[in-house]
Amino acid sequence: MKPGGIAARARAAIAPAGPQASYLAGLNPEQREAVETLDGPLLVLAGAGTGKTRVLTARVAHILASGRAFPSQILVVTFTNKAAREMKDRIHGMVGDQIEGMPWLGTFHSIGVRILRRHHELVGLKSGFTILDTDDQIRLLKQLLAAENIDEKRWPARLLAATIDGWKNRGLSPKDVPPGEGAVFANGKGGMLYAAYQARLKALNAVDFGDLLLEGIRLFRENPDVLAEYHRRFKYLLVDEYQDTNVAQYLWLRLLAQGSKNVCCVGDDDQSIYGWRGAEVDNILRFESDFPGAKVIRLERNYRSTGHILASAAHLIAHNEGRLGKTLFSEGDEGERVSVTGAWDSGEEARAVGEEIETLQRAGHRLSEIAILVRASFQMREFEDRFVTLGMPYRVIGGPRFYERAEIRDALAYLRCVNSTADDLAFERIVNVPKRGIGDATVKQIHDVARAAGVPLQEAARVLTESEELKPKVRGTLRGLIQAFERWREQARTLSHTEIAEIVLDESGYTEMWQKDRSAEAAGRLENLKELVRSMEPFENLPGFLEHISLVMDVDNGAGEDAVQVMTLHSAKGLEFDTVFLPGWEEGLFPHQRALDDQGKAGLEEERRLAYVGITRARASARIWFASNRRIHGMWNSTVPSRFLDELPDAHVRVEESRGGMGWGGSSYGGGGSYGQSRFDRAEPFAASSYSTPGWQRAQTQRGRSDTGGGRGGFSERGGRYDAGASARRGPMVIEGTLVASSSAPSSAFKRGERVFHIKFGYGEVTGIDGNKLTVQFDKAGEKRVVDTFVEKA
DNA sequence: AGCTCCGTCGTTTTT
DNA sequence: CGACGGAGCT
């Protein structure tokens, strides 16, 4: 399939439609209905590639053009800053400068903070309150845990942060947390710690991300007059990616929507992949009952992918039960079938994909139109290694973001201290960075003074330097720092914020600290600091910049270069490519074992939606891979092909000969016993396998009786790994197969010095035993650690 | 104050 | 296996 063909088809499908307003041109009937249905609640179920953003932006244009509302009377909420930016750009393209009058287009959080700033006194905040980032949050919680004498080993601050976040996502303030749930953390102290945390936030005049919505909800509930003001203001409400909203966002939105009732939510239940961070698919499933009189419009006409790709995705997602149901169709070519290829191991998978990409490149495909979408980021490494070897340009999307880097956070903490004497968390962060001899003991003294006097840390430090409490050396250093902050604040009145930033980084010794650092990353960190100062330029002043970055943690990573795009399936949502490689379709990895263990069927369905998202990213070519052997936590494990492979429709899939070596299960090992149920277990490609016995059915029968400790012999004659010796012994919950051995498994039946055979490494001798993990000196492959279920006595 | 060793853990990510 | 964080040692 040539990319040009797709583009041409897409153009044809959205051909101009007549002499109407330009924003209506090229809309199909459903899209047009979604744009023109302005009164009352509307849910637009927009499948992948059906033009959802187009509908949303055209709808805004239509509202404005019909004179039903001023720009300032439209609320448009997105989930990410990127989406907000795109929306803004596209609306600008349609309505021109009217966009300037739309202050209420943004993320839930940026709009949330805007509202809180206007009414801060009503929720107990002072003007100029700060927004904590995750680091600050954790540090604060650590202090609380220490104060309560809670063992941070058993009850990590991270876990508490996640728990509190979870409550906030569900719209629960401390008093609303069900007592049973509050008791879960630290022997019943969870609820109390949450309350204490909120109290600390108030004392610091700070909020966290969750509060931006939660406090907004409280504001509206406790102040009907304020809510009424927003009811009058917002004539139209539009929400993007509605399937990603959490309970708090839903409550917030519902309060606002009580006004005009003209609320339009756009989303796709089949692309809900953020349940684990609080997104509530139920919000979209329940829309019609939540908003009485709601109209539902389905967008099912797909302009992105070819027929085989769409049919494959549709057949896969049809295995989910909890969905509103829609079927994508296209009027274009069938295109190329979705391919499924097995590789011997993850290395070969990467090697083979690399070769295919080289072939595509030679055929004139742009690398930036090729993506590798993985389930978990550790999978990326092997591809990266391979691309480095090949000299193939690639680009990893996602990963640690600019503003999350330590040096950026440190620099920002300095600026926050300049900006506000009351930003205790920022002060704490940098008081001894670079190391200047102000250690824990001194910090504690400052804390004590601050608490006793009820003043911020900076002020307490100043008081302390005027007393005789500190050792002269420390006293001098601390005084120097405090005076430096006072000086910088003074200079900030006359100099530009970028100049101040440079002065602060320079005079504080922070830049110097990295200049002296001889580690490999130091140069990059210095570069990042320069980039930080550059990124401040467009802002009017320091507070403006700080406010912006507390909400916008991403940075425009200048795309453009022609490189293979490597990213997780999650970060691929919303993107599209001509060719998509989907490696790692193996039980345990995808669907991920943890999703199965923790969430059961709901988890499986979310994984399946992830698979759906993956396939539907492809315009012309989707290529799925699985490896028969993969190293997990340093140990090689045999794997079972993903059940999702069995859920793809035969007629639209092409099973490729495996690349190189013996493929995924040469005839001497594959098949056999209860193991050969799936077509992907056979060396013979595709013996017209039936859907009636897909992998997940095996999963059902295997559920609960898998036993990681028993059944040695791996692929031995007496049957599959999962059958052999499967006793009723209790083990970890497993839906199908295990990638990782249970650590509590009974000790191994192997002895040191025993000769064994391993399917991947061949013959060897056991040199060490640790539970069910063996260290084996293989004759050819050298020393490896393997799980005993994957070797047999030789 | 700084380094080193040891234990733990290992999916996905936004604001 | 390898990254990270905390405790403990010098």
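Here is the naming used below: chain letters follow the sequence lines, and residue numbers restart at 1 for every chain. Since this is a predicted model, take the numbers as computed values, not measurements.
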Would you say a side-chain N or O of A:K473 is under 4.0 Å from OP1 or OP2 of B:dA1?
no
Please confirm whether the shortest side-chain N or O distance from A:R436 to OP1 or OP2 of B:dA1 is below 4.0 Å.
no
Select from A:G439 and A:E606 the residue whose nearest nucleotide in DNA chain B is closer to the 5' end of that strand.
A:G439
Residue pair A:Q249 / A:D244, side-chain donor-acceptor N/O under 3.5 Å
no
Can you see if the side chain of A:R277 gets near the phosphate of B:dT15 - specifically, an N or O under 4.0 Å from OP1 or OP2?
no
From C-beta outward on A:H570, which listed nucleotide comes closest to its side chain: B:dT13, B:dT15, C:dG2?
B:dT13
Would you say the side chains of A:Y250 and A:R254 form a donor-acceptor pair under 3.5 Å?
yes
Once hydrogens and angles are ignored, does a donor-acceptor distance under 3.5 Å link the base of B:dT11 to the side chain of A:R594?
no
Which part of the nucleic acid, if any, lies within contact of A:G437, taking any heavy atom under 4.0 Å across all strands shown: a base, the sugar-phosphate backbone alone, or nothing?
sugar-phosphate
Using the rule salt bridge (charged side-chain N to carboxylate O under 4.0 Å, His left out), only one of A:R409, A:R429, A:R416 pairs with A:D136; which is it?
A:R416
Between A:S571 and B:dT13, is there a contact of a side-chain N or O with OP1 or OP2 at under 4.0 Å?
yes
When you measure from the side-chain N and O atoms of A:R401 to the phosphate of B:dT15, is any distance below 4.0 Å, counting only OP1 and OP2?
yes
So A:N81, base contact, sugar-phosphate only, or nothing? Heavy-atom distance under 4.0 Å.
sugar-phosphate
Looking across every strand, which nucleic acid part, if any, lies under 4.0 Å from A:S550 by heavy atom: base, sugar-phosphate, or nothing?
nothing
Face-to-face contact A:W276 to B:dT12 six-ring, under 5.5 Å, under 30°:
yes
Would you please say whether a donor-acceptor pair under 3.5 Å links the side chains of A:Y197 and A:D208?
yes
Would you say the base of B:dT11 stacks on A:H592 (centre-to-centre below 5.5 Å, plane angle below 30°)?
yes
A:N283 and A:T245: side chain donor to acceptor below 3.5 Å:
yes
Under 4.0 Å, counting only non-hydrogen atoms across every strand here, what does A:K573 touch: a base, just sugar-phosphate, or nothing?
nothing
When you get a sec, tell me which of B:dT15, C:dC1, B:dT13 is the closest nucleotide to the side chain of A:H633?
C:dC1
